[in-house]
Protein chains: 2
Amino acid sequence: MNVHSFLLSLSYQIKHMVALSKSDIKRNALINATIKLVISNGFHATPMSKIAKEACISPGTIYLYYKNKQDLINNVYLHVKQKFTQAIFQNYTNNTPVEESFKIIWYQIADYRLKEVAEALFLSHCDNTPIIDDESRKEGIKHLQPLLDLWERGQIDGIIKKACPYVLYAYAVYPLAFLINAKQRDDYELTDESKEQAFKMAWDSIKITEHKS
Amino acid sequence: MNVHSFLLSLSYQIKHMVALSKSDIKRNALINATIKLVISNGFHATPMSKIAKEACISPGTIYLYYKNKQDLINNVYLHVKQKFTQAIFQNYTNNTPVEESFKIIWYQIADYRLKEVAEALFLSHCDNTPIIDDESRKEGIKHLQPLLDLWERGQIDGIIKKACPYVLYAYAVYPLAFLINAKQRDDYELTDESKEQAFKMAWDSIKITEHKS
DNA sequence: TTTTTAAAAATGAATGTTCATTCATTTTTA
DNA sequence: TAAAAATGAATGAACATTCATTTTTAAAAA
């Protein structure tokens, strides 16, 4: 590849990046503004005008991207949910032993929530509140399938308790949301050590306990 | 006790009940209306006029009982929180063995949430949302002290893991909130059997695992 | 017991503000 | 230079809160 064609392809790539960005930059700014304001004020207490200001665009522009306020929040929810599930399954392959797989996914969840605190709070907010349409909410749950499959595999192997996915999720994953919330609101600190401890507790709760013979 | 004095005391009691009720009936109607509407619409999407209508009083009357909308929600939150903690510790005495004590309290929590579904959803809503003032929120946490003390006792006895109260709470109590939410929203059913299973998972997560010798 | 009366409680229409959404105009793009 | 994108002031609806008026209460007087 000579210099000329390299520069040509580079300029094309940059142009293409910019072209992609055009509206995507705005869309991202909008999403982040929504998340930020919703977690600190609540959805209905956050005016569109403030979201617009935070995203450095005009209120009218929001309506070029989303039909209305409800459509905005549904889409932001789905976007975050997708990013979340994308992040947590990235290192997972389904031929790894169950406990190790679970550990990998669990740590991905913990690390995602610790890194993307705002998004984590936003998800908690949406999941405990009637602001999201039922349809979008159902859509958001689907993405967890690989984890449910993993649990089923564990159950077949006699490693994981025969509880339904809701119960397993409640003990193995949901507590993390509480810890992140506490970390934000109170003075609780989630160190590497307590993360390890929290994982052990998650695993202890869903694994089948071996009895002393 | 003769008939006369019986009737006298009865009329006194009724009068006293009615006397107590006067504003208490309204206050209760107001609280229940708020809970009902907040869990189905969210706080900021619930107008005072609707709360008033649901409680069968006039919008203006609310302001005789509460300073403003924020004051109303703070008070409802504290009221429910108090009722909750009152309910869950009612059979607890601190000279019962740790595991049994925990089981008693845990089942009280589960049963309260199953019976008072609206209140349970309301608490989830408030605890994951910025609608409650920090001050009221802090006030609401205090009431859990007996449970924290129990855990400390368990830690001293070497029965319960040496995790901080936040972590213990996240695994031993918080998952119940998820299960109740799921029960409401989805088709998940919480039977006596799965309740037992959930308790076992809660206990398995916080107890110290004995190693095979 | 019935009537009177002043205080307390409750009412709901009116007020002023906030906000979602629109659209005529301006700016940017290619 | 025409089409596309963005703007932000204007509109109308919704809502929290107020307060002049009405209703209820219960104690005092008849």
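Values in this document were obtained by computation on a predicted structure and should not be read as measured data. Below, read A as the first sequence line, B as the second, and so on, with proteins coming before strands; counting in each chain starts at 1.
Nucleic acid contact class of B/Tyr65 (heavy atoms, under 4.0 Å, all strands): sugar-phosphate only. As judged by a 4.0 angstrom heavy-atom cut-off over every strand, A/Ile57 is placed among residues touching the sugar-phosphate backbone only.
Between B/Tyr92 and B/Phe89, the two ring planes are tilted [angle within 30° to 60°].
The NZ-P distance, from A/Lys50 to D/dG8, rounds to 19 Å in whole Å. Nucleotide C/dC19 holds its P atom 16 Å from the CG atom of A/Leu72, rounded to whole Å. When the C1' atom of D/dA16 is taken as reference, atom CD1 of B/Ile131 falls 17 Å away, rounded to whole Å. Distance A/Ile51 CD1 to C/dC19 P: 11 Å, rounded to the nearest Å. Spacing between atom OH of B/Tyr63 and atom C1' of D/dA20 amounts to 18 Å, rounded to whole angstrom units. When rounded to the nearest whole Å, the span between CG of A/Leu64 and P of C/dT22 equals 11 Å. Separating the CD1 atom of B/Ile62 from the P atom of D/dC19 is a distance of 17 Å, rounded to the nearest angstrom. Taking atom NZ on A/Lys53 and atom C1' on C/dA20, their separation rounds to 16 Å, with Å as the unit.
Relative to the ring axis of A/Tyr166, B/Lys183 does not place its NZ or CZ within 45° and under 6.0 Å from the centre.
Salt-bridge formation is not detected for the pair B/Arg185/A/Asp134: no Lys NZ or Arg NE/NH1/NH2 atom is positioned less than 4.0 Å from an Asp or Glu carboxylate oxygen. A salt bridge is defined here as a Lys NZ or Arg NE, NH1 or NH2 lying under 4.0 Å from an Asp or Glu carboxylate O, and A/Lys200 with A/Asp204 meets this definition.
The residue among A/Gln70 and B/Pro59 whose nearest nucleotide of DNA chain C is located toward the 5' end is B/Pro59. Heavy-atom nearest nucleotides on DNA chain D were determined for B/Lys69 and for B/Thr61, and the one closer to the 5' end corresponds to B/Lys69.
To the nearest 0.5 Å, atoms CD (A/Glu119) and NE2 (A/His125) are separated by 15.0 Å. Summarising the geometry, atom SG belonging to B/Cys126 is positioned 10.5 Å from atom CG belonging to B/Leu78; distances are rounded to the nearest 0.5 Å. The distance from the CD1 atom of A/Ile62 to the CG atom of A/Asn68 is 11.0 Å, given to the nearest 0.5 Å.
Listed pair B/Lys26 / C/dA10 meets the phosphate criterion, a side-chain N or O lying under 4.0 Å from OP1 or OP2.
Contacts with DNA chain C (heavy atom under 4.0 Å) in residues 37-47 of chain B: none are found.
Taking the six-membered ring for Trp, B/Phe178 and A/Tyr169 have ring centres closer than 6.0 Å.
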Pairing string, 5' to 3', for DNA chain C - Watson-Crick or wobble contacts under 3.5 Å, brackets [ ] where pairs cross, | to another strand: ||||||||||||||||||||||||||||||
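No side-chain heavy atom of B/Phe122 sits under 4.5 Å from any side-chain heavy atom of B/Glu116.
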